[in-house]
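A quick write-up on the structure given underneath.
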Amino acid sequence: PTHCLPYSSVCNLEEDCDDGSDERNCSNNFRCASGHVTLVPISAKCDGVPNCADFSDECHEDCPAGDRFILGDPVLRTTACVIGCLSILLNLFNIYRIAKELSITKWFRSALTKELIIFIAVGDFLMGCYLATITFIELL
């Protein structure tokens with residue numbers, strides 16, 4: 001059966017119909033790309049503040065290239081930069097230190113533990129590189 005909705009319930013960023021048809025083809029909202037249906041006001045698209053869990057409102061092809069921010073908030077950008085740079089420096093130091101200890105280790109179990117620590121440090125180092133890279137790219 002067809003149900004009539006008041007005009008105020010159409011394009012109001014709330015899905016009143018089970019199939020979401022009351023929010024389709026509206027010029028005042030944007031549907032996030034993720035499987036979880038989230039509607040955000042069109043004014044929040046490309047504004048530097050992520051409203052969608054998948055960041056599709058900030059990294060959408062409609063956004064000008066200069067407006068595609070992942071880290072729009074300056075505090076978040078600064079924090080990511082500091083964490084990324086610290087991760088790079090401290091993990092390089094840790095990899096060097098553990099590799100030096102590994103070269104003189106005689107016991108298999110001890111060597112295996114040190115190798116695992118090095119693998120974890122390499123992963124953390126790469127994550128630091130990623131954080132630092134996206135921070136510096138967004139500054140350009």
Side-chain angles (χ1 to χ4, degrees):
T2 303
H3 293 85
C4 293
L5 293 174
Y7 185 72
S8 60
S9 295
V10 178
C11 296
N12 65 346
L13 299 173
E14 292 180 24
E15 291 186 338
D16 300 300
C17 297
D18 292 338
D19 63 355
S21 59
D22 60 312
E23 297 300 319
R24 278 193 214 126
N25 302 320
C26 296
S27 60
N28 70 331
N29 66 33
F30 173 79
R31 188 176 300 273
C32 297
S34 67
H36 179 15
V37 178
T38 304
L39 297 169
V40 296
I42 199 72
S43 60
K45 184 177 171 187
C46 306
D47 67 350
V49 179
N51 298 296
C52 297
D54 59 1
F55 299 100
S56 59
D57 61 316
E58 298 305 316
C59 298
H60 195 269
E61 64 268 2
D62 292 344
C63 296
D67 292 341
R68 294 183 191 168
F69 296 113
I70 295 174
L71 302 172
D73 182 30
V75 174
L76 181 61
R77 188 179 306 126
T78 303
T79 303
C81 183
V82 168
I83 290 172
C85 291
L86 282 175
S87 178
I88 291 169
L89 293 173
L90 295 175
N91 280 298
L92 277 176
F93 172 75
N94 203 23
I95 291 167
Y96 171 76
R97 185 179 60 82
I98 299 294
K100 194 173 175 182
E101 289 177 15
L102 182 62
S103 67
I104 59 172
T105 301
K106 295 180 181 176
W107 299 101
F108 175 74
R109 288 182 119 182
S110 180
L112 184 61
T113 301
K114 290 180 186 336
E115 288 172 355
L116 291 173
I117 291 171
I118 289 174
F119 285 134
I120 291 169
V122 168
D124 289 346
F125 167 78
L126 292 173
M127 184 55 74
C129 291
Y130 171 74
L131 281 174
T133 301
I134 62 171
T135 303
F136 291 126
I137 286 175
E138 288 200 6
L139 290 176
L140 299 177

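Given the structure is predicted, the values throughout are model-derived calculations rather than measurements. Positions are given from 1 along the sequence.
In this structure C52 satisfies the disulfide bond (SG atoms under 2.5 Å apart) test together with C32, sequence neighbours excluded. Every residue two or more places apart in sequence or in another chain that forms a side chain to side chain contact (heavy atoms under 4.5 Å, CB included) with C26 is listed here: C11, E23, N28, N29. Looking at residues two or more places apart in sequence or on another chain, you find a side chain to side chain contact (heavy atoms under 4.5 Å, CB included) between A111 and L102, T105. Judged as a side chain to side chain contact (heavy atoms under 4.5 Å, CB included), and not counting sequence neighbours, the contacts of T79 are V75, I83.
Linking ILVMFWY side-chain heavy atoms closer than 4.5 Å, directly or via other members, places F93 and L89 in two distinct hydrophobic clusters. The hydrophobic clustering, which links ILVMFWY residues whose side-chain heavy atoms are closer than 4.5 Å, places L126 and I118 together.
Shown here for F125 and L92, the closest heavy-atom pair between the two residues is CE1-CG, 3.6 Å. Taking both residues in full, the closest heavy atoms of D54 and A33 are given as OD2-C, 3.2 Å, listed atom of the first, atom of the second, then distance. Shown here for A121 and N94, the closest heavy-atom pair between the two residues is CB-ND2, 4.4 Å.
To the nearest 0.5 angstrom, L90 atom CG is 11.0 Å from C85 atom SG. Considering CD1 of I88 and CE of M127, their distance stands at 12.0 Å, rounded to 0.5 Å. Here the CG-OG distance, from N51 to S56, works out to 9.5 Å after rounding to the nearest 0.5 Å. For the atom pair CD1 (I95) and CD1 (I117), the distance works out to 11.5 Å, reported to the nearest 0.5 Å.
Sorted by first then second residue, the salt bridge (Lys or Arg N to Asp or Glu O under 4.0 Å) pairs that include residues 107-128, not counting sequence neighbours, are E101-K114.
Using a 4.5 Å heavy-atom threshold, the side chains of L39 and F30 count as separate.
Other members of the cluster containing I120 do not exist, because no ILVMFWY side chain is joined to it at under 4.5 Å.
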